[in-house]
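Here is the structure we will look at.
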Amino acid sequence: QVQLVESGGGLVQAGGSLKLSCAASGRAFSENGMGWFRQVSGKERECVAAIDSRGDETYYAVFVKGRFTISRDNAKNTMSLQMKNLKPEDAAIYYCAASPSPSLWIQTINYDTWGQGTQVTVSS
């Protein structure tokens, strides 16, 4: 079982930037498709971005496309989400997730391991 730990959340003004990191330990990180999800209280967890095990394929939700960049470093067992031009509606708890499959997945059901989450707050 892989363990995931997110970091990098915080408070930022609208238009600002944050970089989230996810450190993985346990099973072979390079075999896992990975994703970043976010959740606001009372709403379903939604996929923000996803990446396949090799980093060859990426997915971005339409509401972050052009502003967020997902990347991974398999040599360091880390994944990142660079967030730019943040908007108040981006405020949420952000989670990194690992799939047992190397493919790119968007649905939460395809992920079996989740980090504890990191809070992102965007002030207007």
Side-chain angles (χ1 to χ4, degrees):
Q1 188 80 4
V2 67
Q3 289 80 44
L4 304 173
V5 178
E6 303 99 334
S7 61
L11 172 64
V12 64
Q13 287 188 332
S17 300
L18 279 176
K19 186 174 184 178
L20 305 183
S21 296
C22 177
S25 60
R27 73 185 182 209
F29 176 76
S30 62
E31 297 176 1
N32 305 129
M34 300 290 294
W36 284 102
F37 290 74
R38 70 187 188 188
Q39 188 168 24
V40 176
S41 179
K43 294 189 176 181
E44 290 189 357
R45 193 168 296 188
E46 60 185 358
C47 184
V48 173
I51 190 167
D52 72 340
S53 63
R54 294 187 177 184
D56 292 335
E57 292 184 85
T58 58
Y59 160 84
Y60 295 97
V62 63
F63 47 82
V64 304
K65 210 164 188 178
R67 300 188 297 122
F68 291 11
T69 304
I70 188 172
S71 62
R72 65 187 296 160
D73 186 337
N74 287 346
K76 296 182 178 179
N77 285 3
T78 59
M79 177 179 67
S80 297
L81 184 69
Q82 176 68 57
M83 306 186 293
K84 297 181 179 180
N85 191 21
L86 283 160
K87 304 176 181 181
E89 53 264 41
D90 292 318
I93 298 175
Y94 283 71
Y95 299 88
C96 72
S99 170
S101 162
S103 301
L104 184 155
W105 300 102
I106 299 173
Q107 303 297 326
T108 58
I109 195 172
N110 297 118
Y111 292 84
D112 65 351
T113 304
W114 297 83
Q116 82 286 353
T118 186
Q119 178 73 52
V120 171
T121 304
V122 184
S123 63
S124 58

*State, to 0.1 Å, how close A61 and C47 come at their nearest heavy-atom pair, and which atoms those are.*
CB-O, 3.5 Å
*Please answer whether the main-chain N or O of F29 pairs with a side-chain N or O of N77 as donor and acceptor at a distance below 3.5 Å.*
no
_Donor-acceptor pair, distance only, cut-off 3.5 Å: does the side chain of S124 make one with the backbone of P88?_
no
*Under a 4.5 Å side-chain heavy-atom rule over Ile, Leu, Val, Met, Phe, Trp and Tyr, are F63 and Y94 clustered together?*
yes
_Where Q116 and V5 come nearest, the two heavy atoms and their spacing_ = OE1-CA, 3.7 Å
*Distance, nearest 0.5 Å, that separates CD of Q82 from CZ of F68*: 9.5 Å
_Non-hydrogen atoms of L4 and M34 that approach each other most closely_ = CD2-CE, 4.0 Å
*Of L20, I70, L81, which meets side chain to side chain contact (heavy atoms under 4.5 Å, CB included) against V48?*
L81
*How long is the gap from SG on C96 to CZ on R72, to the nearest 0.5 Å?*
11.0 Å
*Remaining members of the apolar cluster that contains Y95, side-chain heavy atoms under 4.5 Å*: F37, I93, W105, Y111, W114
*asked:* With side chain to side chain donor-acceptor pair (under 3.5 Å) as the rule and sequence neighbours excluded, what pairs involving residues 49-61 come up?
replied: none
*Within a strict 4.5 Å, meaning less than it, do heavy atoms of the Q13 and S123 side chains meet?*
yes
*Under the salt bridge (Lys or Arg N to Asp or Glu O under 4.0 Å) test, which residues partner R38, sequence neighbours left out?*
E46, D90
*asked:* Rounded to the nearest 0.5 Å, what separates atom CD1 in I106 from atom CG in L104?
replied: 6.0 Å
*Apply side-chain contact (heavy atoms from CB on, under 4.5 Å) to N85 and list each qualifying residue two or more places apart in sequence or on a separate chain.*
R67
*V12 versus L86, closest heavy-atom pair with distance*: CG1-CD1, 3.5 Å
_If you compare all heavy atoms of V40 against all heavy atoms of A91, which two are closest, and at what distance to 0.1 Å?_
CG2-O, 3.5 Å
_Residue list, side-chain contact (heavy atoms from CB on, under 4.5 Å) with S71, at least two apart or on another chain_ = S80
*Minimal non-hydrogen separation, W36 against E6, with atom names*: CZ3-CG, 3.9 Å
*Can you list the steps and then say if V122 with K87 is a side chain to side chain contact (heavy atoms under 4.5 Å, CB included)?*
CA-CA 6 Å; V122 184; K87 304 176 181 181; 5.6 Å; no
*Residues that T118 engages under side-chain hydrogen bond (donor to acceptor under 3.5 Å, both in side chains), provided they are two or more places apart*: none
*Would you say the side chain of S99 lies within less than 4.5 Å of the side chain of N32, judging by non-hydrogen atoms?*
no
*Do the non-hydrogen side-chain atoms of K84 and L18 ever get within less than 4.5 Å of each other?*
no
